[in-house]
Amino acid sequence: MSSMEHVERLRKDGVPFRSYLDAGRHLVRLALPGVLVHVPLATLSLLVLAVANGGSAAVVNGRFQLIGTSDGPLLVWTLVPAVVALAGELVVFPATVIIAAGHLVDRWVSPVEALRATVRRLPSLLVLLLVAGAAWAAGAGVLLVTHQHWLVRVGLVVAAYAAMPGLLAVPAVLLHGCSGLGSIRRAYRMTELSFLPTALTLAFGVVLVPGVVAWALGSGPGLLPGPLATLGWGLAWTVLALAITPFQAAVVARRFLHSMAWRTEVDDSDLAHGLPGGPSPDPVWPGLLSAVLLPGLLFGGVVLVNPFGWPEISETSVTEVFASSRVREPQLRPLDLQDLHLGRGGRPVAVMDGFEDESSLLACADPSCRKASFAWAEPDGAGTRWQTGAASARLPDGRLLLTTWTTRRLELLTCEAARCERSSGAVATTRSPEESVGVALAVRQGGGPVVAYAASDPAEGEQPAHDLVSFIFCADPSCARPESRQVARLEAAGYSSMEHDLAVAVGPGDRPVAARYDSATGQIQVISCLDLACHQPVVTSPVPPVPPTTDQLWNGGLAMALRPDGRPAIAYRDLRDQSAKLLDCRTPDCAQADVRTLGAGSEFQAAPVLAVDRAGRPVVAFESFDRQRLMLAVCTGSRCESTPVSRNRNGFGERLAMTMNAEGDPVIAWIDDSLAPSGLDWHLRITTPHNLTPDR
């Protein structure tokens, strides 16, 4: 070539288009500095982070998430990769600019020589980085002080556009040996006659197009199933991180040489100034290219194989709901969630009963609950009073039993999915307001319901000092001939239909056990039976009342489950310190018991919920103290181990509900009342941890 052929070629317009063509043709060689630097750094940092912060990690729907007990690991996972990537890019980007500039003047520069040249000019490059960081920090400070006013945003966009020519300071340092600040002055002097086109070219080719591609490539793997999405996300971002720099560097290199080519008295030797020489390039080793996929494959493989034993969780946000066809459709609010059961086929069914509203059922179409039907539990025209606190239980065939009130008559509904029918006459009657009567429901092995019923003693007039607790036995769900037996006369407690103050379960030999929580004193009383018909009830008080205090829990109540040997396990929130606790009974009547603290709490948190797994261990779900995480405690002997299983966005609802599925895993329902999609006023989440309750 003559001494002006490169000059004439680089004077042509269309810098972004021509740069992208050059980068596409030479993509493999332009990506080699990134392969040599980023791949080892990314691989090492991923391994170190996986080991160091494994206690905060979980595999949710086949994808890696950080849901640990503090935000420290999340900050580490955010900052460490960013710092490592920035440190690597400080070397990779300038080296790629050198190689791209060499291609434009037909001079081949090896990646090793380009990296060496970059390291030699590293002090000046660090000055450029500090100047850019100071400018960014100043812009962020302005935004913070002015509360993100739109005019300031526009000003920052204009300032960022005006700073684009400063990118040409990088080749000025590498090729012309300028100092850090001197390279910035040189970049703006070179573009003073073409400032606007230069800024537009660099903004379009270095920022806008790569940003759109990164957004599209990052969103694509999210459409894949969980395990494939994890692998696809890791590979996509690895390839993107290595492929995007060559295109950006090609734009910067061509724009710099384009500006030089339009200067007077410039020939080809001036364009090649500062480029290291070298022999013709050797063929690229195929194994080096395969290393490009190593960080993505490593990250995806660790998540899929889970060698660190991270919690494996399935979670569904129930947003697609087919509501009933009645004129007034049911609604789910933070107070509405009452219970969760598994219907036929392992499909979850959530029982809802809101304040001054009828009860309703949200029945999932499949175990994952991606679609659900939502309908009133009360039949049309039932004429029932709108009272809260419907009790429920699962029948052996997968149907549900629900309690309902009709003019102070307690009756039962038999429900399948979201369809209910009245199955009984009056099981009990009351002269007290229905919302002040304690009702709980359990089912014996043969399908006969047992109703725990607590109401004020009618013989004591207007201000009774005692409650009468009874068990109502039914031979079958129709409860045609209910048999009531009074089992305890206790000091009066303030029952609330908004709290689970009374619980009942059936133990070995179909013997019922009930537990009562006094929300005014924090006292828990356990009523157990020595025989099937409960002719000999036993009442114990494993949790005594607290001294009088002005403090009261906003969401009190308890949850109870029985081990296979009949020993109760009770989860509750302690009125003394608002912490979530487990009352672990050592005898069937709970005369001897241990109290274990699971986590700190506040008066506004939901009461914990409890179930017993196949191994007879109590499993308790509760909110973390900061109300940002859903915790699951699995108790073995005297030790309870709590693990975060989900994160919310802003706050929990007022209820948690839990059951155990056919595989022996806990299924937890809870309301994220600040994550409602547009057009909906509720958001229900179903969380299922899979490897926290092994059969042992």
Side-chain angles (χ1 to χ4, degrees), residues 337-342 348 350-351 391-394 440-443 452 499-507 512-517 519 522 524-526 528 542-543 553 555-574 578-586 588 590 593-599 601 605-624 630-646 652 654-661 664-670 686-689 692-693:
L337 180 62
Q338 295 292 331
D339 288 306
L340 181 69
H341 304 280
L342 292 186
V351 180
S392 62
R394 183 184 185 275
L441 188 61
V443 175
E499 298 175 354
H500 292 177
D501 296 313
L502 189 66
V504 65
V506 175
V513 178
R516 189 186 77 151
Y517 179 84
S519 58
I524 294 178
Q525 293 157 320
V526 176
S528 57
V543 177
L553 295 177
N555 301 309
L558 52 74
M560 180 178 68
L562 300 184
R563 293 184 175 90
D565 60 5
R567 291 180 296 131
I570 300 172
Y572 68 102
R573 297 231 344 273
D574 196 327
Q578 291 84 45
S579 61
K581 291 189 175 181
L582 171 69
L583 178 64
D584 193 358
C585 300
R586 286 183 277 162
C590 212
D594 298 312
V595 176
R596 313 191 195 288
T597 300
L598 305 176
Q605 288 182 294
V609 290
L610 173 139
V612 171
D613 66 7
R614 289 175 175 174
R617 295 169 299 195
V619 180
V620 185
F622 61 98
E623 297 179 31
S624 64
L630 178 66
M631 308 295 294
L632 186 74
V634 180
C635 298
T636 305
S638 61
R639 182 171 177 266
C640 293
E641 183 175 353
S642 297
T643 304
V645 294
S646 187
F652 286 91
E654 309 299 333
R655 294 282 184 274
L656 303 175
M658 182 170 67
T659 187
M660 303 296 289
N661 63 16
D665 300 322
V667 182
I668 310 165
W670 54 284
I686 307 292
T687 302
T688 306
L692 298 182
T693 55

| request: Decide yes or no for V645 and M631: does some side-chain heavy atom of the first lie under 4.5 Å from some side-chain heavy atom of the second? | output: no
| said: To check you understand the geometry: which heavy-atom pair defines the closest contact between F622 and S642, and what is its length? | reply: CZ-OG, 3.7 Å
| message | Rounded to the nearest 0.5 Å, what separates atom NE2 in H500 from atom CD in Q338? | response | 4.0 Å
| Where do I570 and V526 land on the side-chain contact (heavy atoms from CB on, under 4.5 Å) test, with the steps shown first? | CA-CA 10 Å; I570 300 172; V526 176; 3.8 Å; yes
| said: Could you check whether any side-chain heavy atom of L582 comes within less than 4.5 Å of a side-chain heavy atom of Y572, counting everything from C-beta outward? | reply: no
| query | Is there a side-chain contact between P666 and D613 (heavy atoms, below 4.5 Å)? | reply | no
| query | Where do A593 and P542 come nearest, in terms of heavy atoms and distance? | reply | CB-CB, 4.3 Å
| query | In Å and rounded to the nearest 0.5 Å, what is the CG to OG1 distance from L340 to T659? | reply | 6.0 Å
| field | side-chain contact (heavy atoms from CB on, under 4.5 Å) between L583 and C590, worked out | value | CA-CA 9 Å; L583 178 64; C590 212; 4.1 Å; yes
| For Y517, does its backbone N or O pair with a side-chain atom of Q525 as donor and acceptor, under 3.5 Å? | no
| Nearest atoms (heavy-atom pairs only) where A505 meets M560 | N-CE, 3.7 Å
| Value rounded to 0.5 Å, distance of SG in C640 from CG in D594 | 10.0 Å
| query | Do C635 and P618 touch side chain to side chain, with heavy atoms closer than 4.5 Å? | reply | yes
| query | Are R567 and D565 close enough for a salt bridge, meaning some N to O gap below 4.0 Å? | reply | yes
| field | Close side-chain approach of H341 and V351, heavy atoms under 4.5 Å | value | yes
| Charged N to carboxylate O below 4.0 Å: is that the case for D501 and R516? | no
| request: Mind listing the closest non-hydrogen atom pair of T693 and G664 along with its distance? | output: OG1-O, 3.0 Å
| Mind checking whether V619 and L632 have side chains closer than 4.5 Å, heavy atoms only? | yes
| Distance (rounded to the nearest 0.5 Å) between K581 NZ and I524 CD1 | 10.0 Å
| request: Decide yes or no on side-chain contact (heavy atoms from CB on, under 4.5 Å) for V443 and V506, but give the supporting numbers first. | output: CA-CA 7 Å; V443 175; V506 175; over 6 Å; no
| query | Is the shortest heavy-atom distance from the side chain of P608 to the side chain of L656 under 4.5 Å? | reply | no
| Using a distance-only test with no angle check, is there a side-chain donor-acceptor pair under 3.5 angstrom linking S579 and D574? | no
| field | Minimal non-hydrogen separation, A607 against R573, with atom names | value | CA-CG, 3.9 Å
| query | Would you say the side chain of I686 lies within less than 4.5 Å of the side chain of I668, judging by non-hydrogen atoms? | reply | no
| message | Rounded at 0.5 Å granularity, tell me how far CE in M660 sits from CG in D665. | response | 7.0 Å
| Hey, mind stepping through L692 and T643 against side-chain contact (heavy atoms from CB on, under 4.5 Å) and telling me if it holds? | CA-CA 9 Å; L692 298 182; T643 304; 4.2 Å; yes
| field | Salt bridge flag under 4.0 Å for residues R586 and D584 | value | no
| Looking at R563 and P568, what are the two nearest heavy atoms and their distance? | NH1-O, 3.8 Å
